[in-house]
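Right, one structure below, let's go through it.
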Amino acid sequence: MRPVILSSCTITPCNLSATATRTFVIFRLRNGKAIAARPSCPARKAPTAIAAWRKTSICFPACARASLPMARKPCAPRLTWLRRILHLRDPVIYRIRHEAHHQAGEAWCIYPMYDFTHCLSDSIEGISHSICTLEFEVHRPLYDWVLDQLPVSQPRPHQHEFSRLNPTYMVMSKRKLRQLVEENHVHGWDDPRMPTLAGYRRRGFTASSIRNFCQGVGVTKFKGVTDVGLLENSIREELNKTAERRCAVLDPLEVVIDNYPEGESEELEAINNPEDEAAGKRALPFGRRLFIERADFMEDPPKKFFRLGPGREVRLRYAYFITCQSVEKDAAGNIQRIHCTYDPETRGGSAPDGRKVKGTLHWVSADHAVDAEVRLYDRLFTEAEPEAEGDFIDCLNPNSLKIITGKLEPSLADLPVGQRVQFERLGYFTPDPKDSAEGQLVFNRIVALRDSWAKQARK
RNA sequence: UGCCCGAUAGUGUAACGGUAGCACGACAGAUUCUGAUUCUGUUUGUCGGGGUUCAAAUCCCUGUCGGGCAACCA
């Protein structure tokens, strides 16, 4: 083995006296052999007294097992409290474990500790800036110290720490994410609600939107909480420009156009993306029976409601003006369907007489619509900072996933995985890459559109 | 307790010692065949107290608050 590797380690209690427990042992790996050396001075002097270390030979790695029979459990370092820098006080560099390794098997019983490994592997790999999260800040002196003692290539790596990303309504620590997976609060590491790259990808976030978000968040040492709104904004900003528009009704209410001829249909022209003329147009089938969103009709609408209600006229996007004539209910009083009339003069969406309507609704033709499973994802937690108090599991959002069957315009039937579209007035959606199959449509909601009406209605 | 780190608008982030800006949000208005988008405007900030300086978010001292470390984890 060519490189000379030098490390230090605490002594097993069996080998040394009480005072000696405060000394380092060096394993020097040379030509396949390790030489163990022990400084004759207390830890606080060790860094300057390296030259004086007494050497004893230990074969390494082949004989390590045999040579360190009593090292089953290296003693915990006895802290001298003499050094101001904590991590330079008798740091453990190797630990001895007589256990089979999941990969190396029985070959080794010596395992390097993080502080020894991190700086060296950085150096060997030619890392210049070794970036890590804040909790390793106090380890930096040891990181530097080890490299200072060794003939490593120059310039040597430097460790830089920064605060970890901490979005609202989310937990980020691996331990907690694992708990979410193992306790089945989510469906695996790539569940679209997970803040993993696999999850974000499956959800439909683009790489560039995540990069933009990270750029906005920046790299600092300040431990803040970043509003997920920034991420949502980032993906909306991108998809607004790139995603083609489609019509889909997720909570259907049947509309019958009473004065539209029975059994007939026609095709209307819809713009694919108003932000991108090159995206072109497509045909949208229209007929006597349609679906609109339940939320777009109110029998007794409040003042600022612009949508459909008894006697009101609204526009069906790309289609006609319609006026609600009557409401059909079941025995329990639930609205079953509504009856409207349309104005044939308003084909394409504008009236020759110049009259205006307040609302424009999206719709699909009932006879042409295709069904699809649609997964509506929301924030995983109900609290902005789930870890703030108590068990974060307690504030899981029970509505973080709603699965519904939507009515989609027929052009969505063969949307390939990887495509992202805007369902008009609803949000951005993409076929789920795992569960979508031929004839089995599954859509994930990436993010909803901004909805200032919903905000106002909540007041 | 000791040591280390941090603090700029509601949130996040900029500013050779030299005009405190940007994004998101919020609010108001305009445009609109998406209550979307777009556009315009408004709002709110350097943790406190000293000091150095012609000049401090920035340098020094001090306090406060928040976080980390004190493992045979990484």
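Chain naming here is simple, since letters A, B, ... match the order of the sequence lines and numbering starts at 1 in each. Reckoned from all heavy atoms, side chains included, excluding hydrogens, waters and symmetry mates.
Between the base of U34(B) and the side chain of Gln422(A) there is a donor-acceptor pair shorter than 3.5 Å. Side chain Arg425(A) to base G35(B): no donor-acceptor pair is found below 3.5 Å. Between the side chain of His362(A) and the base of A36(B), no donor-acceptor pair under 3.5 Å is found.
With respect to the salt-bridge test (charged N to carboxylate O, under 4.0 angstrom), the residues Arg289(A) and Glu254(A) qualify.
The OH atom of Tyr169(A) sits 14 Å away from the P atom of G25(B) (whole-angstrom rounding). Computed from coordinates, the Lys223(A) NZ to C5(B) P distance equals 14 Å when rounded to whole Å.
Remark: Val152(A) engages Leu120(A), Ser123(A), Leu147(A), Leu150(A), Gln154(A), Arg156(A) in a side chain to side chain contact (heavy atoms under 4.5 Å, CB included) (not counting sequence neighbours). Judged as a ring pair (Phe, Tyr, Trp, His ring centres under 6.0 Å), and not counting sequence neighbours, the contacts of Phe136(A) are Tyr114(A), His139(A).
His362(A) and Glu293(A) form a side-chain donor-acceptor contact under 3.5 Å, judged by distance and modelled atom types alone.
Ring-centre distance between Tyr260(A) and Tyr342(A): below the 6.0 Å cut-off. Between Phe306(A) and Trp453(A), the ring center distance fails the sub-6.0 Å criterion.
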What side-chain donor-acceptor pairs closer than 3.5 Å can you find for residues 390-397 of chain A, not counting sequence neighbours?
| residue | atom | partner | partner atom | Å |
| --- | --- | --- | --- | --- |
| Asp391(A) | OD1 | Ile393(A) | N | 3.1 |
| Asn397(A) | OD1 | Asn399(A) | N | 2.9 |
| Asn397(A) | ND2 | Arg379(A) | O | 2.9 |

Check residues 344-352 of chain A and write down every donor-acceptor pair under 3.5 Å in which the side-chain atom is one partner and the other belongs to a residue at least two apart or another chain.
| residue | atom | partner | partner atom | Å |
| --- | --- | --- | --- | --- |
| Thr346(A) | OG1 | Phe321(A) | N | 2.9 |
| Thr346(A) | OG1 | Asp343(A) | O | 2.5 |
| Arg347(A) | NE | Glu266(A) | OE1 | 2.7 |
| Arg347(A) | NE | Tyr320(A) | OH | 3.3 |
| Arg347(A) | NH2 | Glu266(A) | OE1 | 2.8 |
| Arg347(A) | NH2 | Glu267(A) | O | 3.0 |

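Place Ser452(A) and Glu237(A) on RNA chain B by their nearest nucleotides, and Glu237(A) ends up nearer the 5' end.
Nucleotides G10(B) and A70(B) are separated by 35 Å at their P atoms, to the nearest Å. Using C1' as the reference atom, G17(B) and A55(B) are 8 Å apart when rounded to the nearest Å. Taking atom C1' in both C47(B) and C65(B), one finds a spacing of 8 Å when rounded to whole Å. Rounded to a whole angstrom, the distance from the P atom of A36(B) to that of U31(B) is 14 Å.
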Could you write out RNA chain B as dot-bracket? Rules: Watson-Crick or G-U wobble, both distances under 3.5 Å, brackets [ ] for crossings, | for pairs with another strand, dot for unpaired.
(((((((..((((....[..)))).(((((.......)))))....(((((..]....))))))))))))....

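Here Tyr114(A) does not lie in a stacked arrangement on the base of A74(B), lacking the combination of planes under 30° and ring centres under 5.5 Å apart.
Near RNA chain B, defined here as any heavy-atom distance below 4.0 Å, there are no residues from residues 281-297 of chain A.
When heavy atoms are screened at a 4.0 angstrom cut-off, Arg236(A) is found touching no nucleic acid atom at all.
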